[in-house]
Amino acid sequence: MSVLKRLWPALVGIFSILGLWQVLVVVTGVPGYVLPSPLSVLHAFASHQQLLWHHAGITVIEIVAGLLIGCISGLGTALALARFHGLRRTLLPILLISQAVPLFALAPILMLWLGYGMTAKIVMATLIIYFPVASTCYDGLRQTPQGWLDLAQTLGADRRRRLLRIQLPAALPALASGMRMAASAAPIGAVIGEWVGSSQGLGYLMLNANARMQVDLMFAALLILVTFGVALYFTTDAVMRRLMPWHEDRTGATS
Amino acid sequence: MSVLKRLWPALVGIFSILGLWQVLVVVTGVPGYVLPSPLSVLHAFASHQQLLWHHAGITVIEIVAGLLIGCISGLGTALALARFHGLRRTLLPILLISQAVPLFALAPILMLWLGYGMTAKIVMATLIIYFPVASTCYDGLRQTPQGWLDLAQTLGADRRRRLLRIQLPAALPALASGMRMAASAAPIGAVIGEWVGSSQGLGYLMLNANARMQVDLMFAALLILVTFGVALYFTTDAVMRRLMPWHEDRTGATS
Amino acid sequence: MTSLGFSLSQARLAFSGQWLFDGLSATFAPGSWTGLLGRSGSGKSSLLRMIADLPIPDTHALTLTTDDQRPLAGRLAWMAQQDQLLPWRKVIDNVLLGPALRGHPSAAQRQHAMTLLDDVGLRDKAEQWPKTLSGGQRQRVALARTLFEDAPVVLMDEPFSAVDAITRLELHELAARLLAGRTVLLVTHDPLEALRLSDRILILGGQPALLSDFEVPHGQRPRALDAPDVQRMQSQLVARLHSAPHANIEGSTP
Amino acid sequence: MTSLGFSLSQARLAFSGQWLFDGLSATFAPGSWTGLLGRSGSGKSSLLRMIADLPIPDTHALTLTTDDQRPLAGRLAWMAQQDQLLPWRKVIDNVLLGPALRGHPSAAQRQHAMTLLDDVGLRDKAEQWPKTLSGGQRQRVALARTLFEDAPVVLMDEPFSAVDAITRLELHELAARLLAGRTVLLVTHDPLEALRLSDRILILGGQPALLSDFEVPHGQRPRALDAPDVQRMQSQLVARLHSAPHANIEGSTP
Amino acid sequence: LALVLIASGPAWAADDDDTTETTSLKVMLDWYTNPSHAPLVIAQQRGFFEQHGLDVELISPADPSVPPKLVAAGKIDMAISYQPQLHLQVDQGLPLVRVGTLIATPLNITLVRADSDIESMQDLAGKSIGYSVGGVEEVLLNTMLEHNGVAPDDVEMVNVNFALTPALIGEKVDAVTGAFRNFELAQMAQEGVKGRAFYIEEEGVPTYDELIFIANRDTLDAHREAYTRFMAAIEEATAWIINHPDEGWKAFKASDPALDTPVNKKAWYNTIPRFALRPAALDGRRYEAFESFLLERGQIKAKSPLSRLAVDLSQP
Ligand SMILES: Nc1ncnc2c1ncn2[C@@H]1O[C@H](COP(=O)(O)OP(=O)(O)OP(=O)(O)O)[C@@H](O)[C@H]1O
Ligand SMILES: Nc1ncnc2c1ncn2[C@@H]1O[C@H](COP(=O)(O)OP(=O)(O)OP(=O)(O)O)[C@@H](O)[C@H]1O
Ligand SMILES: [Mg+2]
Ligand SMILES: [Mg+2]
């Protein structure tokens, strides 16, 4: 029940978007090859189910793997930056630069390095998640209230334990914010990867459908992708909340 | 001097990357169409200066406009979400979904509506910035310590003033984190826009060069873009710090 | 400003199924000062929050009636146990928080806030950030902010706990002067303070807790510390507090 | 554990160019309790921070010598003016913060922490989150955390300010019992508390501030409150505090 | 429809000599400017458009699937597209029609490294083949494979998104299909790798027009005479290029300094023989044959009449 209750506003949102979209299509009379109506998308969805689920399975694996690796390495980087002062001066600008590089400009080249298999897509999804997570975590780790740091000092904590037992828990709310955002961005990374080189996955399917002007099929694939992105957001939100039973987040991301 | 001192670690980072890259190219003997050496990129940079600056000028306008509009509308959305409870239930999922949609799947539609002029690109950059800012700001606005909210209540603040005078300043550190991240993502938005349809701008130049296998020219354009992204990050950081003279951010994003 | 009395009844509060108190009632006469004492954790701060209509996570209820039958909201000043200064407002702007949250502080209000800061001995800190203040200084700014509100009903939760003995006495004088005619409910842990400032002393104690009255010395507030009945009553009050039923702390014989 | 004395000299501190104190020195005998009094903002907390070698934003210097010539770091417990409980650790885990920051708390340490919580009257709150505690309960947890450290040198900044009179007396007993033989520096605003617990009283006052001694009653700590010289000396101490040079607060005659 | 075409005929005839008023046309290329677009660039550069009373704006997209949509939506007047895709688009209901031809032969080839062991298309069995998704690559390749006795399931097709040459010379794939014979071969040579090409029309695929001009069928009549003038300008530009190839290259690279690369220069000369000499002329047989081919292969749902696919502007 509580899961349903959490998902409920999301469902309302999705359906209100669908309604708006249908109205938009009807009112503006925009042709189907530009923007298909939700009904025709649903129809495409129903008639291509098997195809869609097959490709969706692949993309989901890429997304989840990318999200996990991206979050873990982002968090790791943030911890390393907070832990080692020397590292910060060199690693931080590199991090920044890596973020400023438009990924898909590099995507073709990445593909040449990593081949057209799943690895490349996971790397893309990872890269897209990595920076926001590293950046928000690091921002969070830097803003520990002084009083707690003082306490750690007089209690004889070494830098490592201070980081893990004081700074990290104190940064959890900031971290949750970053992870939530990363979760909803993860599908984009995988799809870019599939666009640039692949023979499977929702991105590939979308590209193919687009080239054949099967715009309704493309939107059906998009629908799966978006649903998955949103689901990932709420899952991440729930996980982070579970990690912070002490935290009072009054209004909640989901309510 | 202080500006130089701030930029100094960034410069070190950039040059260490360049060095590593040159070594990598020389050692692995990777061909120029896969990864050009920094020297050949510099050469391309020098020999196409006029071309590059011309396109850079256009992209910079798109980025800055997109960043400003994205930040303002993102902040506005977050404030509206925090202000109006009813809005939250419907707007938040829509926001989420809009983030989960791979933007350039929608790019052709945007182009149809907005034409292939600069507007479309500014809209793309705006959209890419909009969500992270809205999301982090909203997260920040929700986490005002209860004591301050109690104070606002007994002092007879209306919801609007409570939001602007209590919740907003309390969220500034979270907001700064979001804006910094958005700043370094802004160039990506503009480039995606240019990717879809334009005859000007660095994104156009890059993809064009890539299609012609002038990978050195592509990297020269990338270099400008990245430099600009990093500069934007530090500018945003400086602006946000100026907005929070009371805030103790001990280690600083730049040190 | 006319004084405003109020009374509460049926006050009940439980945390995780256990009643802290149930069925409390009390009347606060217009312009009277009431000292509220009680063991740590007996529910004093919670009672103040309930009167101020502030959110409380668990089961609670309270019937509050003012003498003029109109709601208390907007006619009440509340000083919390923590100072709650806003780090992004300079000291003077923290004092001016009330007017800033209701509109724009006028020049006259600014002037008045400055006078109050002077009263609490912090005129020279007016333009500093709160983070540069000592614990006692922060509490004095919070006091100035509360005094600024000039409300007919004032709830204060241990308002002088962080200042030294001398400053405390001076602040007693100041509060008595500026809050004359206001209906004040003052939570304190210092029996002497209660005896010095109250028209009436209430003790919250028991399981679930009840409010019981304690007789106060004669004479005008603030009473001199060396008045004989103040000294005498202090020992009685401490004895009374001690006898109030409460989970005992190990090894206690003062 | 053998007692550890220490002395400080050349202590100086300025904020934004103004000297709070300059050239302070004091000796703290092994196992002695020193009460530190002074007006709000005189620099007591800052002095404690300097002794604990905690960061201070502005100009400061201090020469600290321990009796055994080895650094104080690691042999010192510090209880701040704010409770600084970690919201993500349950009450018991906050008491166990020291061992958790130096390794892993053992079962015996957990047992001991539980005993301490029992001592401060919070055994039944051990598994709760800090946000469910009242102000005085939070302070008692912070006290338990400090007592747990069992350090030879203990710095306490107004450790009993948020608890009621009875609990305070009980905590005095507890602290005296558990910190016997430790060298304790206790900042307090309550003259009676200082007289009850100190072997020696130091008053920080003046502009720039100096440390001056105040005579303490005879007898073993903790002294009974109704001992005649405690009562007598209280008035003397208040008078002395009052006469200490300090920016006057308007309208003050206690 | 025929009625409408007839009705609009005389209007165009009357306007033919009167080129005093200028018509603006937005024309979208299929991809970034390259030597295949030479007639457009030269017509612009040397004023042929102007002489025909046209003010033409050339726009490049980064995604070849975009221009047809923009034409169908009426956002631009004309676009360059590919004949095979046109059939799919019309089948999906896009109101598009071919109004001219830019390159009148297939450019499509399947390309392997000359130093590989793939001597003929038979050897592709068990290999990986890169392509960029255009909509018909799969069916074209499958036809070629079947023609050579290879089962389509025996090859692995990989979308490499326009990075055909790098994927091939980087040996990430064994072959690429959908490469252009005028361009990719030159590009490989530039990187010092020789290529071996298999020509699509020699491997069992009906021949077709590679690059065509498409316009919106619904608004064709309103623009008919402008498009006719446009084709005349293209025709003149093509003739001029064939007559003056070297001067033409200079004019071409002058239009955008980024075009001045050795590969483009080589491609320039490779492309010249492939331009349609009579851009407006329509070979209806090609369209019907390819339509049948696609229908047979299950790529379209139904056959469209020729008039819905292509028009000859000069034939009312
Ligand atoms: N970061 C700072 N910047 C400027 N001034 C400061 C800063 N920190 C403290 N001060 C000033 O130093 C003085 C001493 O502060 P401190 O906290 O040591 O006082 P205290 O004696 O502990 O007072 P209290 O009894 O109120 O806690 C105060 O006047 C305070 O304003
Ligand atoms: N959110 C909560 N959840 C559970 N219990 C709570 C919560 N808030 C307060 N309590 C409990 O309610 C009791 C009363 O708290 P309150 O703060 O009112 O005490 P108090 O009388 O003000 O004490 P003090 O003198 O220490 O400030 C305490 O025992 C506390 O543990
Ligand atoms: Mg309380
Ligand atoms: Mg202090």
Side-chain angles (χ1 to χ4, degrees), chain A residues 75 78-79 82-85 88 136-137 139-180 236-253, chain D residues 45-46 48-57 71-91 93-105 109 127-133 138 141-142 145-151 153-157 185:
Chain A
L75 183 57
L79 287 173
R83 171 70 184 78
F84 303 104
H85 283 290
R88 189 151 56 226
T136 38
C137 291
D139 276 353
L141 289 175
R142 286 187 297 135
Q143 306 197 356
T144 323
Q146 183 64 44
W148 292 341
L149 297 179
D150 293 345
L151 197 60
Q153 182 183 328
T154 55
L155 290 175
D158 54 18
R159 283 181 66 88
R160 192 177 66 83
R161 290 217 180 77
R162 187 183 78 182
L163 186 63
L164 294 179
R165 307 250 158 104
I166 307 269
Q167 290 173 273
L168 182 61
L172 274 180
L175 213 141
S177 180
M179 298 244 172
R180 269 198 292 269
T236 312
D237 187 49
V239 170
M240 294 311 296
R241 268 160 204 280
R242 175 105 1 141
L243 280 178
M244 299 186 286
W246 45 270
H247 188 61
E248 27 175 350
D249 192 339
R250 271 170 305 284
T251 39
Chain D
S45 298
S46 303
L48 252 61
R49 286 186 73 88
M50 286 164 72
I51 295 174
D53 198 24
L54 290 170
I56 283 187
L72 205 50
R75 297 189 289 171
L76 171 141
W78 171 70
M79 180 173 167
Q81 201 165 355
Q82 275 77 37
D83 53 69
Q84 310 287 16
L85 299 190
L86 301 177
W88 58 86
R89 296 180 80 92
K90 301 238 162 114
V91 164
D93 295 315
N94 263 289
V95 177
L96 284 167
L97 183 62
L101 283 176
R102 294 183 297 265
H104 283 280
Q109 284 175 318
E127 293 298 331
Q128 297 203 0
W129 297 114
K131 70 174 173 191
T132 68
L133 298 185
R138 294 178 68 96
V141 177
R145 182 179 62 199
T146 313
L147 294 176
F148 185 96
E149 288 305 297
D150 201 24
V153 174
V154 182
L155 310 176
M156 297 202 283
D157 204 345
L185 180 50

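This one's a predicted model, so the numbers in the text were calculated from it and none came from an experiment. Protein chains get the first letters and strands the later ones, always in sequence-line order, with residue 1 at the start of each.
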(request) Verify side-chain contact (heavy atoms from CB on, under 4.5 Å) between Asp150(A) and Arg49(D), making sure each step is shown before the conclusion. (result) CA-CA 9 Å; Asp150(A) 293 345; Arg49(D) 286 186 73 88; 2.7 Å; yes

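- Scanning both residues, Gln153(A) and Asp53(D), for their nearest heavy atoms gives NE2-O, 2.7 Å.
- Trp148(A) and Leu85(D) make their closest contact through NE1-O, 3.6 Å (heavy atoms, listed as atom of the first residue, atom of the second, distance).
- For Leu164(A), no part lies under 4.5 angstrom from a heavy atom of chain D.
- Once rounded to the nearest 0.5 Å, the distance linking CG of Leu155(A) with CZ of Arg102(D) reads 6.0 Å.
- Of all the listed residues (Pro169(A), Ala157(A), Ala170(A)), the one sharing the greatest number of non-hydrogen pairs under 4.5 Å with chain D is Pro169(A).
- Leu101(D) contributes atom CG, which lies 7.5 Å from atom CG of Leu151(A) (distance to the nearest 0.5 angstrom).
- Here the side chains of Trp246(A) and Pro130(D) are not in contact, with every heavy-atom distance at 4.5 Å or above.
- The shortest side-chain heavy-atom distance between Arg165(A) and Leu97(D) does not fall under the 4.5 Å cut-off.
- Taking each heavy atom of Arg161(A) and Ala100(D) in turn, the nearest pair found is CD-O, 3.6 Å.
- One finds the CG atom of Leu86(D) at 4.5 Å from the CD1 atom of Ile166(A) (value rounded to the nearest 0.5 Å).
- Proximity to chain A is absent for every atom of Gln82(D), based on heavy atoms less than 4.5 angstrom apart.
- With a threshold of 4.5 angstrom between heavy atoms, Trp129(D) approaches chain A through side-chain atoms but not through N, CA, C or O.
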